[in-house]
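Here is the structure we will look at.
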Amino acid sequence: MKWVYIEDIAASKDQEVEIRGWVYNKRSSGKIRFILIRDGTGILQGTIYSTEKDSPLFKKFDELTQESSLILRGLIREDKRAPAGFELSIKDIEIIQIAEEYPISPKEHGISFLMEYRHLWLRSQKQHAVLQIRTELIKAIRDFFDNKGFRNMDTPILTPSACEGTTTLFETEYFDQKAYLSQSGQLYNEATAAAFGKVYCFGPTFRAEKSKTRKHLIEFWMVEPEVAFATLDDIIELSEDLITYIIERILEKNKKELDILERDTEPLERIKKPFPRVTYEEALAQLKEKGSKIEWGEDFGSPEENIMSEIYDKPVCITHFPAKIKAFYMQPDMERPDLVLGVDVLASEGYGELIGGGQRIHDSGLLERKIKEFNLPKEDYAWYLDLRKYGSVPHSGFGLGVERTLSWICKIKHIRESIPFPRLLYKIYP
RNA sequence: UCCUCGGUAGCUCAAUUGGCAGAGCGGGUGGCUGUUAACCACUAGGUUGUAGGUUCGAGUCCUACCCGAGGAGCCA
């Protein structure tokens, strides 16, 4: 008998098939019994009908517990009464394992309990929907860059020095040396961009910051494009194109999942180019008008990000930040050397920074001065400075956080649900 | 790291002024011919986070600690 996945069930209408999966729920009503089976691709209702109370099928049905694994065989029928529109008339139940009492019942649970059972919580419908969208999101990101001729050049996770210099790194042993888990592939991207023109890296990044918010993960995934000869304006446009492409794809491919998540898609549907662009100083004026006490030279906190997303109903690009609050490699504005050609793209609906990036310094002398100014060990940046000696060109890039983007698209309350196994402050289980 | 709130059955929660520790869900048993987180009846299930203190008596009050949540800060 043919083994089919529930997502493909329509093609097997009026045929006898085999469904392999787990008991999602079961109900009985005298002579008729229902099994909801999930197989990872969907949930299907199977029915058993018998006039005999102790028929062999009923006996097997009665043994089943929530999440028991089994193979059902039977006829696929169209039936309006079934949740999926199709139903399986069960002719045979093959039990693989009877599950022990499953801790996650179909009723409500607290977050700390669910997080402790994250390995099982993944089976629940909403978690499943979020992660289903995640796989489409990652595919869309790759397609976007691949279709534009970008080369995927992944960068190392183990790095020799505190390349960023500023934020907290995870340290590990590397034979007789120290190594650090990567916080960004950007510096290496600049090298591959000079070799391949336009590149992107896509991988996990690690930040040992003691952040305890709904927007931060200790380990998260980031896609970072880098383009030789590109200016700030070029990569702002690239950011807009990427975000609109992603949104369009998810709206097209993940209707079912967005529906399960009860996501109002209207705010996503209006996300089209161009996005509003404001400079840091213009944003500051808008924020003060709305009552913020932020002063020039301060970075935006989450109250400021929230105000910005109240003002605009699309992602907003903020540019020209004070140099002192941004990284050492950011290209200063020629007319205002105290500002840098950086851009942060803030999501709508209060989801904070999706993208951070900008134009990089390509002048060798200036970069050396900045390294000194930021008190960074020059030896560690010898190879990076080489890139400015051998055919240096203006170049720009950015990083987009996958989990922030996914949280926003799914409108979930906390970023911890946007990755199968979140690493959170002090929490590394399961 | 700071502020606020919380920790009672497997889960979600209740317990009046300090006075018998309780309900729903889940589990078990039985019933029901179309259920949709089914429903109905019965039933088992407790070191009230830990340690100490006040009191005739503490889930409730006090002290310390542990754990969790929300927020802030931190954060290319």
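Protein chains get the first letters and strands the later ones, always in sequence-line order, with residue 1 at the start of each.
As a whole-Å value, the separation of Lys26(A) NZ from G27(B) C1' is 12 Å. Atom-to-atom, NZ of Lys210(A) to C1' of C75(B) comes out at 14 Å; the value is rounded to the nearest Å. Distance Glu298(A) CD to G73(B) P: 10 Å, rounded to the nearest Å. Counting to the nearest Å, the C1' atom of U35(B) and the CZ atom of Phe34(A) are 4 Å from each other. At whole-Å resolution of the value, CD in Glu305(A) and P in A72(B) are 10 Å apart. Atom-to-atom, OH of Tyr102(A) to P of C25(B) comes out at 21 Å; the value is rounded to the nearest Å. Atom pair Lys215(A):NZ and C74(B):P shows a separation of 14 Å (rounding to whole Å applied). One can place CG of Leu64(A) at 16 Å from C1' of U35(B), the figure rounded to the nearest angstrom.
Using Watson-Crick or G-U wobble geometry with both donor-acceptor distances under 3.5 Å, C20(B) finds no partner in any strand shown. Pair assignment for U55(B): none, as no Watson-Crick or G-U wobble contacts are both less than 3.5 Å. Across all strands shown, U47(B) forms no Watson-Crick or G-U wobble pair with both distances under 3.5 Å. The pairing partner recorded for G73(B) is none, the criterion being a Watson-Crick or G-U wobble arrangement whose two distances lie under 3.5 angstrom. Here A14(B) sits opposite no nucleotide as a Watson-Crick or G-U wobble pair (both hydrogen-bonding atom distances under 3.5 Å). When both distances must be under 3.5 Å, the Watson-Crick or G-U wobble mate of C42(B) is G28(B).
For Arg404(A), no side-chain nitrogen or oxygen approaches OP1 or OP2 of C75(B) to under 4.0 Å. Contact check, Tyr426(A) against U1(B): a side-chain N or O comes under 4.0 Å of OP1 or OP2.
To the nearest 0.5 Å, atom CE of residue Met222(A) and atom CZ of residue Arg404(A) are 10.5 Å apart.
Of the residues near RNA chain B, Gly356(A) and Lys427(A), the one whose nearest nucleotide (by heavy atom distance) lies more toward the 5' end is Lys427(A). Toward the 5′ end of RNA chain B lies the nearest nucleotide of Pro103(A), the other residue of the pair Pro103(A) and Asp299(A) mapping further downstream.
In terms of polar N and O atoms assigned as donor or acceptor, the side chain of Gln66(A) never comes within less than 3.5 Å of the base of G27(B) in a complementary pairing. No hydrogens or angles were tested; on distance alone, nothing pairs the side chain of His109(A) with the base of C11(B) as donor and acceptor under 3.5 Å. Side-chain N/O atoms of Ser105(A) and base N/O atoms of C25(B) include no donor-acceptor pair closer than 3.5 Å. Contact of Lys212(A) with G73(B) (side chain to base): no donor-acceptor pair of N or O atoms is detected under 3.5 Å.
Comparing A69(B) with C62(B), their C1' atoms are spaced 25 Å from each other, to the whole Å. Nucleotides G70(B) and C61(B), compared at atom C1', are 27 Å apart to the nearest Å. Look at the P atom in both A21(B) and G46(B): the space between them is 14 Å, to the nearest Å. As rounded to the nearest Å, U29(B) and G45(B) have C1' atoms that lie 15 Å from one another. Nucleotides A58(B) and U8(B) are separated by 14 Å at their C1' atoms, to the nearest Å. Across the C1' atoms, G59(B) and A37(B) are found 31 Å apart, a figure rounded to whole Å. Straight-line distance between the C1' atoms of C56(B) and G18(B): roughly 12 Å, to the nearest whole Å. Look at the P atom in both G57(B) and G22(B): the space between them is 22 Å, to the nearest Å.
Nearest approach of Val393(A) to Ala228(A), heavy atoms of both residues: CG2-CB, 4.1 Å. Closest non-hydrogen pair, Pro156(A) versus Ser182(A), comes out as O-CB, 3.5 Å. Contact record, Ile236(A) with Cys317(A): CG2-SG, 4.0 Å, taken as the closest heavy-atom pair.
Counting only heavy atoms from C-beta on, Arg416(A) has its side chain closest to G70(B) among G70(B), G34(B), G26(B). Relative to the side chain of Pro303(A), the nucleotides G34(B), A72(B), U35(B) differ in distance, and A72(B) lies closest. The side chain of Ser302(A) has G73(B) as its nearest neighbour among C74(B), G34(B), G73(B). Among A72(B), G34(B), C75(B), the nucleotide with an atom closest to any side-chain atom of Arg207(A) is C75(B). Minimum atom distance to the side chain of His414(A) is reached by G70(B), of the listed C25(B), G70(B), G73(B). Considering only the side chain of Thr213(A), G73(B) comes nearest among A69(B), G73(B), A72(B). Out of G27(B), U1(B), C75(B), the shortest distance to the side chain of Glu101(A) is found at G27(B).
Here Asp386(A) pairs with Lys389(A) in a salt bridge; the nearest charged N to carboxylate O distance falls below 4.0 Å. Taking a cutoff of 4.0 Å between a charged side-chain nitrogen and a carboxylate oxygen, Lys293(A) and Glu298(A) do not qualify as a salt bridge.
Nucleic acid contact class of Glu100(A) (heavy atoms, under 4.0 Å, all strands): none. In this structure, Ser211(A) reaches the bases: a heavy-atom distance under 4.0 Å links it to at least one base atom across the strands shown. Using a 4.0 Å heavy-atom cutoff across all strands shown, Glu87(A) reaches at least one base atom of the nucleic acid. In this structure, Asn25(A) reaches the sugar-phosphate backbone alone: every heavy-atom distance under 4.0 Å involves primed, P, OP1 or OP2 atoms, never a base.
Here Phe170(A) and Phe206(A) keep their ring centres 6.0 angstrom or further from each other. With ring centers used as reference points, Phe113(A) lies 6.0 Å or more from Trp121(A).
Of the candidates Phe374(A), Phe328(A), Tyr329(A), Tyr381(A) forms a ring-ring contact (aromatic ring centres under 6.0 Å, His included) with just one, namely Phe328(A).
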